[in-house]
Number of protein chains: 2
Amino acid sequence: MSTIRDVAKSAGVSAATVSRVLNNKGYVSEEKKEKIEKVIHDMGYEPNQIARGLAKKTSKTLALIVTDITNPFFPELAKGAEKAAYLNGYSFLLGNTKGMDNHNDDYVKLLKNKYIDGVIIASHDIDIEILKEQENTPMVVLEMDNDIENACTIKVDNYDGAMTATRHLVSIGCRKIAHIYGPQYDSTAKERLEGYKAVIRDTSGLSEILVPGDFTINGGAETVQNLLTQYPDIDGIFAGNDLMAIGVLKKLNQLKIKVPEDIAVCGFDGIFMTQVTNPELTTIEQPIYRMGELAAEKLIFRINHPFYGKESIELKTKLQIRESTRKVNRSDQKKSFSDGD
Amino acid sequence: MSTIRDVAKSAGVSAATVSRVLNNKGYVSEEKKEKIEKVIHDMGYEPNQIARGLAKKTSKTLALIVTDITNPFFPELAKGAEKAAYLNGYSFLLGNTKGMDNHNDDYVKLLKNKYIDGVIIASHDIDIEILKEQENTPMVVLEMDNDIENACTIKVDNYDGAMTATRHLVSIGCRKIAHIYGPQYDSTAKERLEGYKAVIRDTSGLSEILVPGDFTINGGAETVQNLLTQYPDIDGIFAGNDLMAIGVLKKLNQLKIKVPEDIAVCGFDGIFMTQVTNPELTTIEQPIYRMGELAAEKLIFRINHPFYGKESIELKTKLQIRESTRKVNRSDQKKSFSDGD
DNA sequence: CTGAAAGCGCTTACAG
DNA sequence: CTGAAAGCGCTTACAG
């Protein structure tokens with residue numbers, strides 16, 4: 001590996017001058033500049049990022065902290081983020097918080113010790129208070145309400161999305177629509193719940209049917225039995241996320257309850273798996289990849305514009321209609337299924 | 001952020017001595033050592049990795065290069081690797097090769113410019129020849145035959161796994177078993193194909209039914225029509241990986257062909273999605289998470305033992321029997337399904 | 001056992 | 001416009 005000194009020597013200038021052309025900063029005569037660029041090219045010289053980092057307190061690397069990369073929502077996010085970062089000369093450190101015990105603030109320490117230039121937070125396991133202390137670190141927070149001073153928050157209009165989902169179920173003829181809501185420390189779960197409630201409230205003849213879930217496949221599945229016992233005549237389920245909807249689908253399938261004939265099911269997120277289930281799952285699609293991309297772009301912008309202040313971005317969701325909410329003649333079906341009450 | 005000098009001053013020693021206790025290297029009197037450790041603790045001092053890196057040509061970070069983190073095989077791998085790395089004080093850089101055009105060797109440059117300590121390769125998109133040149137970089141290669149001098153290769157016994165899959169289909173009564181094989185530049189695809197062939201060859205009454213696939217869901221689905229036209233009486237499909245098996249399942253479902261009653265389906269890999277399909281998919285399970293963990297462990301070992309030489313590790317697969325290969329009375333089924341020949 | 005000095009490979013005032 | 005010098009925060013021979 002050649003160093004800046006090698007380049008300088010070969011070009012007959014000082015290291016400082018080479019550094020100036022490298023950073024495109026300060027005056028360099030056109031003549032020397034060209035000479036230096038040629039030498040750099042010929043030698044295949046690349047600046048050592050570690051040395052540069054030490055001098056500039058910079059690393060050209062970003063961190064992406066997710067709950068669990070194994071949750072299908074995150075890989076797509078990560079890919080979008082990585083792509084955008086990469087195009088701007090940054091690389092990406094990945095951190096999972098789930099199953100890492102109390103080590104979460106170790107990730108925060110890392111930010112300092114490795115001069116991580118900025119961080120994307122997509123995990124509720126990180127303590128907001130700790131985050132707040134890092135006010136000098138450019139930060140973008142995903143899908144999570146927060147009162148951090150100097151961060152960009154990117155989320156989807158969950159309230160609107162949930163309304164769309166619920167209205168869609170109404171529109172295909174569902175009249176007993178249950179909602180499986182996610183953990184309420186998660187603001188997205190909260191907003192989705194509110195969206196559901198709003199539609200129920202504003203539509204005559206409907207009433208709230210609520211059951212708590214934990215945003216996992218198994219959690220969704222476990223919910224079903226409970227739901228059917230209490231409300232044997234439900235004809236639609238709006239799950240707070242796709243994972244739970246997938247669990248619901250599995251369970252209904254085991255119970256020989258037909259989707260969408262007996263019960264229609266709608267999820268939320270738009271993860272890829274929704275196209276793999278049988279029947280395919282109707283869902284409220286978030287632009288996941290785009291969110292990752294945008295997060296990285298906004299982050300890099302903030303790196304270049306420190307203390308930019310608070311910013312909130314809300315993206316639109318899109319109703320993706322699939323087999324699990326195909327319109328069927330519900331009055332017939334309901335009769336044959338619910339004979340209880 | 002306090003520096004080593006702050007610690008030294010506060011402990012009344014030189015920076016060199018502090019460095020010695022930090023690195024647990026060289027002699028330090030017990031008395032000073034204790035004093036220094038106390039100061040370090042009290043100040044909450046943490047060594048700056050960038051500075052340390054520049055001095056030691058080290059970064060305490062690893063790179064994981066995958067084809068596409070969006071492929072469900074990789075997140076689990078990444079998680080295992082990250083966990084193991086994390087426990088050893090390393091962090092992880094993630095790189096996707098797919099969709100990155102010719103920029104792949106940029107990843108390799110990164111290794112040098114950021115003093116990446118070691119790299120796990122899980123992508124065929126990286127040129128083996130380029131890899132070979134990096135003989136000084138500790139490296140572990142996953143699921144890929146290679147002749148790199150100084151690397152650890154970790155893979156699964158694909159040949160054996162494919163035999164197990166094929167035999168399993170035979171054991172539930174299948175007699176016309178097709179294999180959708182993956183791209184043959186991929187050594188795992190090759191080995192799986194060989195395993196299939198071996199069983200067909202050694203079992204009387206069976207003959208090879210082969211069709212090429214591309215290891216994707218859509219690719220698997222597209223294969224089906226073709227297969228059914230040529231061999232309307234097949235009663236079992238062994239797909240070269242789970243993704244293709246999932247595609248097959250979707251297509252068969254669309255065609256109202258029953259799994260497992262008409263055709264039994266078996267995949268390979270053991271990705272989580274196989275539990276989400278309907279019916280759930282029988283598969284040859286690889287210990288994916290463990291492979292990631294092991295990869296990181298071996299890599300770190302190599303970082304501490306440079307030029308350790310070539311090493312190959314082969315892990316066992318496990319047949320995971322699920323609904324898609326439930327035993328049914330095939331002679332009946334076949335009749336009702338294939339009326340052509 | 002310990003400290004002063006040099007060095008890792010850059011960048012950035014400063015002086016000219 | 002350019003170079004010498006100092007500095008980023010560590011580590012590691014070297015001398016004592």
Side-chain angles (χ1 to χ4, degrees), chain A residues 1-37 39-40 43-61 89 109-117 136 303, chain B residues 1-37 39-40 43-61 89 109-117 136 303:
Chain A
M1 288 273 103
S2 44
T3 73
I4 199 173
R5 263 162 226 280
D6 299 331
V7 174
K9 190 176 297 176
S10 171
V13 298
S14 73
T17 304
V18 177
S19 175
R20 278 186 202 101
V21 348
L22 244 29
N23 293 283
N24 212 335
K25 182 176 199 166
Y27 299 89
V28 181
S29 72
E30 200 51 40
E31 182 198 10
K32 295 209 168 168
K33 186 173 174 189
E34 274 168 24
K35 172 71 175 162
I36 290 168
E37 276 167 348
V39 172
I40 287 175
M43 300 180 64
Y45 166 76
E46 309 238 355
N48 176 322
Q49 291 289 354
I50 297 284
R52 186 177 258 189
L54 185 57
K56 299 175 77 162
K57 297 189 185 307
T58 250
S59 67
K60 279 285 180 182
T61 115
K109 281 185 196 157
L110 218 60
L111 301 184
K112 298 297 178 194
N113 299 339
K114 288 195 177 171
Y115 287 152
I116 300 299
D117 297 333
N136 300 326
I303 290 167
Chain B
M1 288 273 104
S2 44
T3 73
I4 199 173
R5 261 162 229 279
D6 300 331
V7 174
K9 189 177 298 177
S10 170
V13 297
S14 73
T17 304
V18 176
S19 176
R20 279 186 202 102
V21 346
L22 246 28
N23 292 284
N24 211 335
K25 183 177 198 168
Y27 299 89
V28 181
S29 72
E30 200 51 40
E31 182 197 10
K32 295 208 167 170
K33 185 172 175 189
E34 275 168 23
K35 171 72 176 162
I36 290 169
E37 276 167 348
V39 171
I40 287 175
M43 300 181 65
Y45 167 76
E46 309 238 355
N48 177 321
Q49 292 288 353
I50 298 284
R52 186 178 258 188
L54 185 57
K56 299 175 76 162
K57 295 187 184 310
T58 250
S59 66
K60 279 284 180 182
T61 115
K109 280 185 197 158
L110 218 60
L111 301 184
K112 298 298 179 194
N113 299 338
K114 288 194 177 171
Y115 288 153
I116 300 298
D117 297 333
N136 300 326
I303 290 168

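Just so it is clear: chains get the letters A, B, ... in the order the sequence lines come, proteins before strands, and each one is counted from 1. Note that the structure is a prediction, hence the values are computed from the model and not measured.
With sequence neighbours excluded, the residues satisfying side-chain hydrogen bond (donor to acceptor under 3.5 Å, both in side chains) with B/Ser19 are B/Asn23. With sequence neighbours left out, A/Glu34 forms a salt bridge (Lys or Arg N to Asp or Glu O under 4.0 Å) with no residue at all.
With contacts defined as side-chain heavy-atom distances shorter than 4.5 Å, the pair A/Ile36/A/Val13 qualifies. Between A/Leu22 and A/Tyr45 there is a side-chain heavy-atom pair separated by less than 4.5 Å. The closest side-chain heavy-atom distance from B/Thr58 to B/Arg52 is not below 4.5 Å.
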Using Watson-Crick and G-U wobble pairs with both distances under 3.5 Å, what is the 5'-to-3' dot-bracket string of DNA chain D, with [ ] for crossing pairs and | for pairs outside the strand? |||.||||||||.|||

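Checked by atom type and distance alone, the side chain of B/Thr61 never pairs as donor or acceptor with a backbone atom of B/Ile116 at under 3.5 Å. With hydrogens and angles ignored, the 3.5 Å screen pairs no side-chain donor or acceptor of A/Asn113 with any backbone N or O of A/Leu110. Using a distance-only test at 3.5 Å, with no hydrogens or angles considered, a donor-acceptor pair links the side chain of B/Asp117 to the main chain of B/Lys60.
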Please report, to 0.1 Å, the donor-acceptor pairs under 3.5 Å made by any side chain of residues 24-32 of chain A, with sequence neighbours excluded.
from	atom 1	to	atom 2	distance (Å)
A/Ser29	OG	A/Lys32	N	3.2

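The pair B/Glu46-A/Lys112 does not count as a salt bridge, with every side-chain nitrogen at least 4.0 angstrom from each carboxylate oxygen.
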Grab the N/O contacts between the protein and nucleotides 6-9 of chain D below 3.5 Å, and write none if there aren't any.
from	atom 1	to	atom 2	distance (Å)
D/dC8	O3'	A/Lys57	NZ	2.9
D/dC8	O2	A/Ala55	N	3.3
D/dG9	OP1	A/Lys57	NZ	3.0
D/dG9	N2	B/Ala51	O	3.2

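Within residues 10-26 of chain B, the residues having any heavy atom closer than 4.0 Å to DNA chain D are, in order of number, B/Ala16, B/Ser19, B/Arg20, B/Asn23, B/Lys25.
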